[in-house]
Amino acid sequence: MICHNCGGALVEVMTDLPFKIGLHAIVVIKNLPVLQCGNCQEYLLEDRVVQRVDDILHSADDHLEVVILSYAA
């Protein structure tokens, strides 16, 4: 795939990303597979990954300030 930002090649890498839920809660998802541009570092989440992230975020406790979860769990 090609980066929509700079035209560079996207490669699959594993990374950790934060997501804000609720007013004050942040969920960090570790070992998240993303397609990342080797040139500008822009990243893209595939549809299957977005669905899993959505499931993870809906199951997270938004009463906690910071939650760290694994993508694979």
Trainee: Verify the cluster assignment for Val53 and Leu69: are they in a single hydrophobic cluster under the rule of side-chain heavy atoms below 4.5 Å apart?
Mentor: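 They do share one cluster, since a chain of ILVMFWY contacts under 4.5 Å joins Val53 to Leu69.
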Trainee: Ignoring hydrogens and geometry, is there a side-chain-to-backbone donor-acceptor pair from Asp16 to Asn31 under 3.5 Å?
Mentor: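 Here the side-chain-to-backbone pair exists.
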Trainee: Other residues, nucleotides and ligands only: do more than 12 of their heavy atoms fall within 6.0 Å of CG on Asp55?
Mentor: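 Yes, the 6.0 Å shell around CG holds more than 12 heavy atoms from other groups.
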Trainee: Say whether Val50 and Ile21 are linked into one hydrophobic cluster, either directly or through other cluster members, by side-chain heavy-atom distances under 4.5 angstrom.
Mentor: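 Looking at the clustering, Ile21 is in the same group as Val50.
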Trainee: I need the Leu45 CG to Arg52 CZ distance, nearest 0.5 Å.
Mentor: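 Here the rounded value is 13.5 Å.
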Trainee: For the residue pair Gln36 / Glu42, report whether a side-chain donor-acceptor contact shorter than 3.5 Å exists.
Mentor: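 There is no such pair between these side chains.
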Trainee: Is the CD atom of Glu65 crowded by more than 12 outside heavy atoms at less than 6.0 Å?
Mentor: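 No, not enclosed.
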Trainee: Atom CG of Asp62 and atom NZ of Lys20: how far apart are they, to the nearest 0.5 Å?
Mentor: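 The NZ atom of Lys20 is 11.0 Å from CG of Asp62, to the nearest 0.5 Å.
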Trainee: According to a hydrophobic-cluster definition based on side-chain heavy atoms being under 4.5 Å apart (Ile, Leu, Val, Met, Phe, Trp, Tyr only), do Tyr71 and Val28 belong together?
Mentor: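 No: no chain of side-chain contacts under 4.5 Å links Tyr71 to Val28.
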Trainee: Taking the hydrophobic residues Ile, Leu, Val, Met, Phe, Trp and Tyr, and joining any pair whose side-chain heavy atoms are under 4.5 Å apart, which ones share a cluster with Ile2?
Mentor: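 ILVMFWY cluster around Ile2 holds nothing else.
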Trainee: Roughly how far, to the nearest 0.5 Å, is the NE2 atom of His24 from the CG atom of Leu64?
Mentor: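 If I round to the nearest 0.5 Å, the distance is 13.5 Å.
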Trainee: Cluster question for you: counting only ILVMFWY and a side-chain heavy-atom cut-off of under 4.5 Å, with indirect links fine, are Phe19 and Ile26 together?
Mentor: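 As far as the 4.5 Å side-chain criterion goes, Ile26 and Phe19 are not connected within one cluster.
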Trainee: Taking the hydrophobic residues Ile, Leu, Val, Met, Phe, Trp and Tyr, and joining any pair whose side-chain heavy atoms are under 4.5 Å apart, which ones share a cluster with Leu44?
Mentor: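 Met1, Leu10, Leu35, all in the cluster of Leu44.
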Trainee: Can you list the steps and then say if Val34 with Val49 is a side-chain contact (heavy atoms from CB on, under 4.5 Å)?
Mentor: CA-CA 8 Å; Val34 301; Val49 174; 5.8 Å; no
Trainee: Looking at every heavy atom in both Cys37 and Gly8, which two are closest together, and how far apart are they?
Mentor: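 That would be SG-CA, 4.0 Å.
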Trainee: So Glu46 and Glu12, do their side chains get closer than 4.5 Å, heavy atoms only?
Mentor: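 They are in contact (side-chain heavy atoms under 4.5 Å apart), so the answer is yes.
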Trainee: Are Val27 and Leu17 co-members of a hydrophobic cluster defined by side-chain heavy atoms under 4.5 Å apart?
Mentor: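 Looking at the clustering, Val27 is in the same group as Leu17.
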